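Both counts, for ligands and for their atoms, begin at 1 and track the order of listing. The first residue of the sequence shown is numbered 1, and numbering continues consecutively from there. Worth saying up front: this structure is predicted, and the values here are computed from it rather than measured.
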Amino acid sequence: MSINIVSCKHLNYLLSASFNPFCLCPAEFWGDIAKDFFWKTKHTGQFLDYNFDVTKGEIFIKFMEGASTNICYNVLDRNVHERKLGENVAFYWEGNEPGDELTVTYRELLQRVCQFANVLKSQGVKKGDRVSIYMPMVVELVVAMLACVRIGAVHSIVFAGFSAESLCERIMDSQCSLLITADGFYRGDKLINLKLLADEALQKCRDKGFSIQRCIMLKHLSKEADETPLGSRSPPAKRSCPDLQVPWNPEVDLCWHTLVRGASDECEPEWCDSEDPLFILYTSGSTGKPKGVLHTVSGYMLYTATTFKLVFDHQPDDVYWCTADIGWITGHSYITYGPLANGATSVLFEGLPTYPDVSRMWEIVDKYHVTSFYTAPTAIRLLMKYGREPVQKYKRESLKILGTVGEPINPEAWHWYYTVVGEKRCPIVDTFWQTETGGHVLTPLPAATPMKPGSATLPFFGVVPAILNESGEELEGPSEGYLVFKQPWPGVMRTVYGNQQRFETTYFKKFPGYYVTGDGCRRDEDGYYWITGRIDDMLNVSGHLLSTAEVESALMEHKSVSEAAVVGRPHPVKGESLYCFVTLTDGVTYNRTLEAELKKQVREKIGAIATPDYIQNAPGLPKTRSGKIMRRVLRKIACDERDLGDISTLADSSVVEQLFQNRCRMGV
Ligand code: WTA
């Protein structure tokens, strides 16, 4: 079934490019777009140069090399000075607690960014240095990231839901010289003492022989009366927490507010080459160790700006809201860079969709007259459980476009989103992309691409997908197999930070000549793409990718566990849940206390998002004669599906029956 809502202005674009990406030369297409941006110097070499084929040498992608620019200048100064948008609102910040709010214009944002850029410089941060940012969803997070890129420093943002251990691992991998964090924040009712976690991470780094010299802390909850981080217009947080115990190490710690108070609000940007590093963002890797995905300046800038503009059909009076956290790529590309490059007005939300009640999203939509709303299927499924009434309490008349990202959206959730939230007026853009792709790669254009619930539809301009079979042959017409891309687009990642070899092995070795996404995909008779899910050892829990190996090694660090195997089990809200099998060391008996300890262990090692949903005691695991764990069989056991297929390679098949029986007693 396809749904077509009024055909419209982007149809010509679509017909000319998306159905036949070869009819536009990428240099011409992107060259035209580049004219709207500021370049200190023009590019010198080829517009786009690349090698996607490992058999021909090192993999590289170079876009507009030799041109110099600054992304902060383009998203702020250009809007304030050239486009005269200084008084336009950049962000409506909506805190966790209703009524806790703040409005920031482009001019104010520019001033704050310049001030903080000067602070960073005064702390010795230079072009190319890595800065780690571990902050809640506050405006200062955007200020910190843009201040970094203004001076050519490379930000590495770590989602504030990650554990101290995860933060430590990321700081050490990118060898950051400075950490920016906050005292704490509320997620719904729950208080998170972020500084405590940051300190723990820095201590872990020291224990491993790496020390960070400076840590700048924003007072978010423990604000003093005269401290208004964004100027006099900032009201004190409604839900402040003056008693928060904030550990302080005078040798390392610096107060954001004190530093900013004396800083000038003018700062000449550092002009960077198009291919200079812009940021590092870690994503789960199938070996268990996260990969530092590296993006560079110009390609990422043009790609996020253009995808934002076309995929959300951005118009000057729109109010856009993306509910992601900036700690993930969706927040980087579609809260910070894409919207700001377009001079857009966005909502920046600190809280949860269910706090203080399940109408919060729609209350915010009405409050700010949100026109484009971008969220994840897991949030939709969560809200669906509460029915229509909480949605219908609010009018939602302003809504024009609804977006989704992060995992395949099941048709039931799609229909609820379309019918109940959008009242059949709003096209849904189901955007498929990855941390690695920088921006949308398969996506409808709203009101131009006929929609099919559950399909991310067609490629964006210049993106050339293919479907391969196991032998690496390209399949034509309706088919199913590995989703790959045949040529680069400006926003594609450039390398894994500090590990080019891992970059090539992960994405280019399996099928020489192609970028391999790691996703399975089906193409239907209309040429539409349907993502069928990960085909590597990665799980997608609430739209977040987790590697099974990472969870397994966290479990195995517990002294009572000798072996662990983790698989995904379908979950009605989260998409997938974590089902863990553990084999205990001799003499240890399984009980509730141990189970709770194991859950805590994973939470502490990785973060709350990786907390196991189920743990099953597995005295034996199904293995092949060569000792390989047969995860396919474990997935069946997790789902209680007896149809196991061919298990003739199992060394000991009685293990399987035991696991089924054990499972039943667990009552899952
Ligand atoms: C999945 C998030 C189906 C996919 C932007 C991909 C999707 C992984 C979609 C990347 C979608 C993302 N339909 N699957 N619209 N969007 N995915 O790096 O498996 O956190 O490879 O980037 O999420 O997750 P990541």
- request: Using a 4.0 Å heavy-atom threshold (strictly under), name the region of Ile329 that reaches ligand 1: side chain, backbone, both or neither.
  value: side chain

Tyr528-Arg522 side chain donor-acceptor pair, cut-off 3.5 Å: no

- prompt: Hey, is Asp613 close enough to Arg569 for a salt bridge, meaning N to O under 4.0 Å?
  reply: no

- request: Starting from atom 6 (C) of ligand 1, locate the nearest protein heavy atom and write down its residue, its atom name and how far away it is, to 0.1 Å.
  value: Asp519 OD2, 3.3 Å

field: Residue part near ligand 1, for Met538, under 4.0 Å between non-hydrogen atoms
entry: neither

- request: Could you tell me the residue and atom name of the protein heavy atom closest to atom 3 (C) of ligand 1, and the distance to it rounded to 0.1 Å?
  value: Pro408 N, 3.1 Å

query: Taking only heavy atoms of Asp430, which atoms of ligand 1 are found under 4.0 Å from at least one of them?
result: 11 (C), 13 (N), 15 (N)

query: Does ligand 1 have any atom that is closer than 4.0 Å to a heavy atom of Gly406?
result: yes

- prompt: What protein heavy atom sits nearest atom 10 (C) of ligand 1, and how far away is it?
  reply: Trp433 O, 3.6 Å

For ligand 1, the portion of Thr517 having any non-hydrogen atom under 4.0 Å away: neither

query: Looking at atom 9 (C) of ligand 1, what's its closest protein heavy atom, distance included?
result: Glu407 N, 3.5 Å

field: Sub-3.5 Å N/O-N/O distance, Thr404 and ligand 1
entry: no

message: Looking only at the side chains, is there a donor atom on one of Tyr529 and Arg523 sitting less than 3.5 Å from an acceptor on the other?
response: yes

message: Whether Lys309 engages the ring of Phe312 as a cation-pi pair (distance to the six-membered ring centre under 6.0 angstrom, angle to the ring normal within 45°) should be assessed.
response: no

- line: Partner of Tyr320 under ring pair (Phe, Tyr, Trp, His ring centres under 6.0 Å), picked from Phe91, Phe308, Phe373, is Phe308

statement: At under 4.0 Å between heavy atoms, what of Asn540 touches ligand 1? The answer is side chain

message: Angle between ring planes, Trp433 versus Tyr334, binned at 30° and 60°: parallel, tilted or perpendicular?
response: perpendicular

message: side-chain contact (heavy atoms from CB on, under 4.5 Å) for Thr457 and Asp430? Distances and angles first, verdict last.
response: CA-CA 8 Å; Thr457 73; Asp430 177 352; over 6 Å; no

Per-atom contacts, ligand 1 versus Ile531 - under 4.0 Å to a heavy atom: 3 (C), 14 (N)

message: I'd like to check which ligand 1 atoms, numbered from 1 as shown, lie under 4.0 Å from a non-hydrogen atom of Thr330.
response: 5 (C)

message: With nothing but distance in play, are any N or O atoms of Gln434 less than 3.5 Å from an N or O of ligand 1?
response: yes

- prompt: Given Glu423 and Arg396, is the salt bridge (charged side-chain N to carboxylate O under 4.0 Å, His left out) satisfied, shown in steps?
  reply: CA-CA 9 Å; Glu423 298 187 345; Arg396 293 157 285 111; 3.2 Å; yes

query: Heavy atom under 4.0 Å from ligand 1: found in Thr435's side chain, backbone, both, or neither?
result: both

task: Enumerate the atoms of ligand 1 whose separation from the nearest heavy atom of Leu545 is less than 4.0 angstrom.
output: 24 (O)

- prompt: Looking at Phe63, Tyr303, Phe279, which hits ring pair (Phe, Tyr, Trp, His ring centres under 6.0 Å) with His295?
  reply: Phe279

- request: May I ask you to decide whether Lys605 forms a salt bridge with Glu165, counting only side-chain N to carboxylate O separations under 4.0 Å?
  value: yes

